Amino acid sequence: MWLLHFIPDSLIVYVINMTVLAGIAITVAGTFMGFIPVVNKYKTILHLIGIASLVLGIYCKGVFSTDAAMREQVRALEAKIAVAEQKAKEVNTQVQTKIITKIVKIQDKSNTAKETLRRNKDTINAECKLTDEAISAYNFSITKTPATPPAETK
Amino acid sequence: MRNLILISVLLLTGCATAIPVKMGFPQLPEALTKPCDRLLPLDPAKKQLTDLLENTVDNYAKAKECYAKNQAWQEWYDTQRKIFEEVK
């Protein structure tokens with residue numbers, strides 16, 4: 001079937017149409033031939049040839065039109081997919097830019113906060129020192145280990 | 001009648017073919033391929049309040065980044081789904 005793709009569509013359509021028309025013509029001719037006494041013995045043979053040509057022509061017409069419709073569908077779908085893939089790439093770029101911008105802003109804010117803490121280190125630390133229990137309780141809340149909560153201070 | 005059935009069957013043989021076109025799965029943006037950073041525990045040797053606060057600020061930043069990534073994931077998924085559904 002793929003060999004047909006090398007032949008121009010117009011030529012294929014022409015051949016198919018000719019086969020159908022020839023089938024009709026031969027069948028009709030065979031029917032009329034039945035009324036002529038000398039040649040009426042060829043009626044059956046002409047009918048057979050005509051119907052075979054008609055069936056072959058209609059079959060090929062069906063196959064060709066289905067194939068053409070499918071090729072058209074494939075072309076349309078490929079075009080849609082190309083557009084969708086382009087859109088998907090654009091979305092990816094947008095999402096990537098957006099997330100990187102957000103992360104940079106978050107890090108900037110974090111750095112500013114840490115700088116402020118460092119600048120005011122002496123004032124902040126003047127009245128408070130962390131105990132081991134405080135550190136242990138804090139770490140317990142953010143890590144998987146230790147598995148058990150820290151011991152309470154008495 | 002028999003001939004008609006035969007012709008119909010012959011014509012139908014050309015119809016049962018699937019369209020040989022496939023759409024590739026969209027790539028995830030690189031920033032979303034990395035998992036969220038884990039929160040950092042405080043070094044037990046660091047006993048000053050500023051150490052705790054710095055650690056907390058770092059961890060807040062990590063949590064915010066993770067939240068932003070999660071939002072980006074949802075946005076990416078919703079948009080890609082819409083694009084995919086437009087093709088059908």
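Keep in mind that this is a model prediction, so the values were computed, not measured. First the proteins, then the strands, lettered A, B, ... as listed; each starts at 1.
By the criterion of side-chain heavy atoms lying less than 4.5 angstrom apart, applied directly or through intervening Ile, Leu, Val, Met, Phe, Trp or Tyr residues, A/Ile58 is grouped together with A/Val28 in one hydrophobic cluster. When hydrophobic clusters are built by joining Ile, Leu, Val, Met, Phe, Trp and Tyr residues whose side-chain heavy atoms come closer than 4.5 Å, directly or via intermediates, A/Ile7 is grouped together with A/Ile16.
A/Asp67 has a carboxylate O that lies under 4.0 Å from a charged side-chain N of A/Arg71, or vice versa, which qualifies the two as a salt bridge. A salt bridge is absent between B/Glu85 and B/Lys82: the closest approach of a Lys/Arg side-chain nitrogen to an acidic carboxylate oxygen does not fall below 4.0 angstrom.
Heavy-atom distances place both the backbone and the side chain of A/Lys121 under 4.5 Å from chain B. Contacts of A/Lys87 with chain B are made by both backbone and side-chain atoms, with heavy-atom separations under 4.5 Å. Proximity to chain A is limited to the side chain of B/Gln80, based on heavy atoms less than 4.5 angstrom apart. At a 4.5 Å heavy-atom cutoff, the contact between B/Gln71 and chain A is made by side-chain atoms alone. Of the atoms belonging to B/Asn59, it is side-chain heavy atoms, and not backbone ones, that fall under 4.5 Å from chain A.
B/Glu30 places no side-chain N or O within donor-acceptor distance of the main-chain N or O of A/Gln96, the cut-off being under 3.5 Å. Proximity of a side-chain donor or acceptor of A/Ser53 to a complementary backbone N or O of A/Ile49 within less than 3.5 Å is not detected.
Residues of residues 106-118 of chain A that come closer than 4.5 Å to chain B, counting heavy atoms only, are A/Ile106, A/Gln107, A/Lys109, A/Ser110, A/Ala113, A/Lys114, A/Leu117, A/Arg118, ordered by residue number.
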With a cut-off of 3.5 Å and sequence neighbours excluded, list every side-chain donor-acceptor pair involving residues 36-47 of chain B.
| unit_1 | atom_1 | unit_2 | atom_2 | d |
| --- | --- | --- | --- | --- |
| B/Asp43 | OD1 | B/Ala45 | N | 3.1 |
| B/Lys47 | NZ | A/Asp132 | OD1 | 2.1 |
| B/Lys47 | NZ | B/Pro44 | O | 3.3 |

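Contact count versus chain B (heavy atoms, under 4.5 Å) is highest, among A/Val83, A/Ile99, A/Leu130, A/Ile135, for A/Leu130. Per-residue heavy-atom pair counts under 4.5 Å with chain B were compared for A/Leu54, A/Asn120, A/Val91, A/Ile100, and the maximum is reached by A/Val91.
With rounding to the nearest 0.5 Å, the separation of CE in A/Met33 from CG in A/Asn40 is 10.0 Å. Between the OH atom of B/Tyr67 and the OH atom of B/Tyr60 there is a distance of 15.5 Å, given to the nearest 0.5 Å.
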